[in-house]
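Every chain is numbered from 1, with letters handed out A, B, ... down the list of sequences. Not measured: the values here are computed from a predicted model.
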Amino acid sequence: MKWSDTLFPAALTLGILVLWEVLVQIMHTPAFILPPPSAIGLCAVIKAPLIWPHALATALEIVLGITLALGTSIPLAIFMFARPGIEKGLSPFLVASQAVPVFALAPLLVIWLGYGIWSKVFMAWVIIFFPITVSLLSGLKSCDPDFRKLFTLMGAGFWMKLRLLYWPWALPQFFAGLKVGVTVATIGAVIGEWVGAQKGLGYLMIQSNARLNTDLVFACILWLSGMGIGLWALVSFAEKRMVTWKNN
Amino acid sequence: MKWSDTLFPAALTLGILVLWEVLVQIMHTPAFILPPPSAIGLCAVIKAPLIWPHALATALEIVLGITLALGTSIPLAIFMFARPGIEKGLSPFLVASQAVPVFALAPLLVIWLGYGIWSKVFMAWVIIFFPITVSLLSGLKSCDPDFRKLFTLMGAGFWMKLRLLYWPWALPQFFAGLKVGVTVATIGAVIGEWVGAQKGLGYLMIQSNARLNTDLVFACILWLSGMGIGLWALVSFAEKRMVTWKNN
Amino acid sequence: QKLVLMLDWFPNVDHLPVYVAQKSGYFAAQGLEVEIIVPSETSDALKLAAAGKVDLAVSYQPQTIMAADAGLKVKAVAPLVVKPLTTLMFLDESIKNPADLSGKKIGYTVPGLMDMLLKGFADINGITDYTPVNVGFTILPALASKQVAAVMGPFKTYETVTMQQQGVTARFFELEKYGIPEYEELIFAAGDATLETKKAAVHGFVIAVHKALADIKKDPDKALSLYFEALPDVDKEIETKAFALTAEYFAAPGQVSNPEKWQTFIDFALKYGLIKNTIRPQDLIYSQNND
Amino acid sequence: MLEVLGLAKSFGLQTIFENFDLNLPHGRFTVLVGPSGCGKSTLFDCLTGIVCPDQGRIVWQGNAIAHLGSLAAYMQQKDMLLPWLTLEENSLLPVQARPRTLRDMKQAKQTLARIFERIGLTGFGAHYPYQVSGGMRQRCALARTLMFDRDLVLLDEPLSALDAITRRELQNLLLMLQKEFGKTVLMITHDIEEALVLADEIILVGPTPMTILERFQPKASKPREFTQPEFMETKARILSRLLTEKEKIQG
Amino acid sequence: MLEVLGLAKSFGLQTIFENFDLNLPHGRFTVLVGPSGCGKSTLFDCLTGIVCPDQGRIVWQGNAIAHLGSLAAYMQQKDMLLPWLTLEENSLLPVQARPRTLRDMKQAKQTLARIFERIGLTGFGAHYPYQVSGGMRQRCALARTLMFDRDLVLLDEPLSALDAITRRELQNLLLMLQKEFGKTVLMITHDIEEALVLADEIILVGPTPMTILERFQPKASKPREFTQPEFMETKARILSRLLTEKEKIQG
Ligand SMILES: Nc1ncnc2c1ncn2[C@@H]1O[C@H](COP(=O)(O)OP(=O)(O)OP(=O)(O)O)[C@@H](O)[C@H]1O
Ligand SMILES: Nc1ncnc2c1ncn2[C@@H]1O[C@H](COP(=O)(O)OP(=O)(O)OP(=O)(O)O)[C@@H](O)[C@H]1O
Ligand SMILES: Cc1ncc(C[n+]2csc(CCO)c2C)c(N)n1
Ligand SMILES: [Mg+2]
Ligand SMILES: [Mg+2]
């Protein structure tokens, strides 16, 4: 990694922030539409005691959503992989489920699932589920057929092949999907908090938005981004630990 | 493909629909909470003349969004691949960009892009951009280093390597990401239509929802799903045409 | 000249005078071309008006007061609906007075506004231990599924009709009858900057709307048919019934906002913590004589 | 033990087999020699079911079967090592892949240690395939094939990447496998001397479609040295036969 | 033409080179022979920069360079064919990869057609790598290496998967390459007879770390036949030397 390469993003960040700050000042953009970054940063720090419990609630929803998504999409991907005929029939449903704008359904969903935590977890789940399933399935399907045959010759059953061959083969692609999934999971939870929440960053944002505390809205976004980046880093770390065999 | 495999999803669909219909009838669920599938289907057909122009508007937004996303995420992924240092610095921004909920952006978008089609295209773009970039980047990075060295020995420059090696290598993963991307693009456009729209399926849904025309809401969802499946099929077709060399 | 008007919600009979003015060519007669835009969120209209990105906003008197409290430079230009329409709505017949809702979940429609009003309402009427829940626009489903016992925010003129259409009889407490001061439900608002740069156009707009209001009083059926011409997609039955209920609440032609009403509500808002600063009605109500 | 009758297989317009017959008696060491690209590997693939023949019957110990599947141990021409497993893990795959007990596994590990010793991989068990040389990868693939523990062993150019000395050692290992463990071995090689040293029978095949040109049964007792004059003659014979058949494959 | 001085390279605790020197005169055909796993391929990788040596200097035509990079044509031990390109496309890569004109390309295609003719791949240009035999893949990799058109050619076991006849033909091709096109060739092989037939100099290396055990300069004029008595003797000598050095590599 060249020194200039590390410098570049830092410079970029700084540049964007400064430009933003300056533009907001020069153009007299009202703070209730786009607060200057300095105000956002300040608010994110000063209001931390207010934000913290909400962030915790959202984090719990996200974690539950991710857990649920892993627990469902991994078996489903494996099932669809094991039965290509079923995959053909099922994938339109999966695709259709994704094209459903959940947030439009969010208010109704909340009524079906109640105003508790589960409607939010469900939202996060719906959003993560798809990228994980698709990437895992595509990873499994990309397995070299010559190796598949080798395992058949060794007398390995489907589960053995899965454990020793398909799964390690699909891991890199699975992780790519997981990275996308955990990142957008934050949005899922927030959309879930849109209606029927008493807590959570989404709730706080809606309230602050209505009260024209736009700097708090953006401070919440900053916290959310932090959570997204944290999850991303966590997945990247897990990837590094689990995909050790790449020769570079 | 076994016959039972084709049968299974069909049976599943039918089963779900019948169960839904029966449950709604038995429990006397009011149509504004959950309309029966028959009513949705009927509405989707009968109201087609009403839905059609809205669907057209949304479709245009989606297509433009996808085009824009391809035009930006491909160069960005390649750039980040070419400069891993920059990738390290830039990816937090990408991740952070995914955590921004729309309603915070809506007034901003109106200010920057106006009430026209571009604020919707922008939303679609934001949503598709991420999965495509991540999957393409991960595909490029997965390239066997031995082949990279071979091309270096042949005196190939970066662009040559990209054309002859990295790009074909990344294609399968790129398509996996594109599939996720085009599917959620429908959501992006619909979300965008929250921002001061006069047209589009998202606009129609919001209106119908507030007016308690829940069957029309679901009919719109049906149309949207259809569009999602269509895009998915299109990408799958393109994949089949472009990734021809897999030996199975 | 071009004017951009952002509504408070999706178009409905509340906005009928605007569409009548449009269809009757009253805007054109004032040399105006009015573009009508639907918002993504109820607070968008005021925000964008204050920022000068839309010229006019349809808003609510309480919202305008709270926005001014938050420092937005906006003024009410003219009233549209002069009496409160907002209710606390419920289905359960056994609820006879507000205190019966104690200990229950109560929904509200517009976060940041209706939850505050609900708080005041509960304080005044002795509702204790309730849990406020944001239900967004899904008022009826939330009520019908018994997820909440009541909802703060639906209009007695519109939501009652849509519910009737679905076979549900809505009951409600009218806010002004339970200790909340009377206020002007819907007003036109504009940003201070717009009022300086496009003063004449705004005047023209107000004149055109007043003409439309006069027409509505004279010939309601004609007005309604002009409205349907402008919005061919709407459910005619619901809108017709809702119009019958709404018509009497529209501002009279030439009517201006009443500063005393505003003062009363500002006092109330201060008392129940909806706002923090003292605000003078004359700073909020724009009148041609002011300058 | 194994009989192939009327095997037919084409890839598009290219016919690899047309009514091809083969017969392998129990416990014998048979070596297949033939020009590059004539269809030797494809024959193995058809036998094991990796490739699906267009026609033909396979009879295994008196029973007609579709293909051998996991009845035979098959060492393919490519080494086919999994990049995420070490050499030891790769070699243990045939044991891992089937239902087994902990004791099976322990025994297998001991067996493998002995095999690694013989093939010169001791100390490299924890290396990943990309960390070892081409010849070592080939030896690892051979070790894995031996871990299959089947009566029939199919070897596709198993020693092609090895130096002369290592090669000779492993030839002896293969002979021991046949003799002491009673395995039936069918092996492909391009090294005629290797064929002469190892084979009970050498089958010389030619293209296209693949036909059996000639069969040789070296009589000398094993272990053999190539220097016997009988062999020189046979080698020359095979070479000249190969030469005349060679051109057919092109075109 | 090429000089390597004080090369050192270790993988973890395993030292492959320690102060290793080598010197290749212009226009010569040098063959490297040594036990499997002793570091021959690693030497090539260090020369070309695929592997980064710990120490050492490379001097190329009088100039010190970090590594040869694209100065040499290198045929690796693995065939390294891209699965999504046909044999023809794969072979044309070295031309494609560099700036070129349309005429270059046309000429290259003609050259390639001639090479395919000689190595027996005519008619298989449109096949994908998975559609051809192991020996054909190796020949395609050789064709690609010839398309590099560099003065120095490094070949790592280029003919190991070929039958005796094809092998002999391609040996002649390599000789022609050296003689008619004046290339300097450095080749690794395990086939001592091949080494004797081709080499101006045979370098026998042993493990570990890799050292030059002995150098042989066969005097007979080319084309040679292996049957010359001088060769028999040299072969026996190399074999016995290999045998004694063999054990060192293990442990
Ligand atoms: N999947 C395939 N599609 C098309 N042709 C194929 C396919 N597999 C093999 N062939 C053809 O079959 C012929 C025989 O291939 P095979 O691998 O059996 O040769 P071989 O005798 O093992 O040669 P070698 O000694 O070089 O390994 C080749 O000409 C090849 O082109
Ligand atoms: N990336 C690596 N990591 C660790 N060890 C390595 C690596 N690459 C090579 N080695 C070691 O270097 C040694 C020499 O390998 P090399 O491939 O050069 O052998 P070789 O002489 O070409 O053998 P062969 O004749 O079998 O091809 C081997 O013992 C191998 O274990
Ligand atoms: C027909 C109609 N129904 C509901 C609302 C939503 N709403 C009810 S009250 C209120 C705030 C008033 O102070 C808002 C936003 C509306 N605007 N128009
Ligand atoms: Mg073969
Ligand atoms: Mg090697």
Checklist outcome for this item: Note: vs chain B, highest number of non-hydrogen pairs under 4.5 angstrom among Leu94(A), Ile16(A), Leu222(A), Leu34(A) is Leu34(A)

Checklist entry - Is chain A contacted by the side chain of Phe175(B), its backbone, both, or neither, given a heavy-atom distance below 4.5 Å? => result neither

Item to check | Heavy-atom contact with chain A under 4.5 Å, split by part of Thr183(B) | outcome: both

Checklist outcome for this item: NZ (Lys179(B)) and OG (Ser91(A)) are apart, to the nearest 0.5 Å, by 8.0 Å

Item to check | Part of Thr13(B) lying under 4.5 Å from any heavy atom of chain A | outcome: both

Checklist outcome for this item: Under 4.5 Å to a heavy atom of chain B? For Ser225(A) that would be both

Next on the checklist: Heavy-atom pairs under 4.5 Å with chain B: which of Glu87(A), Gln173(A), Met227(A) has the most?
Outcome noted: Gln173(A)

Next on the checklist: Could you measure the distance from the CZ atom of Phe93(A) to the CD1 atom of Ile229(B)? Nearest 0.5 Å is fine.
Outcome noted: 8.0 Å

Next on the checklist: Does any backbone or side-chain atom of Leu12(B) lie under 4.5 Å from a heavy atom of chain A? Answer side chain, backbone, both or neither.
Outcome noted: side chain

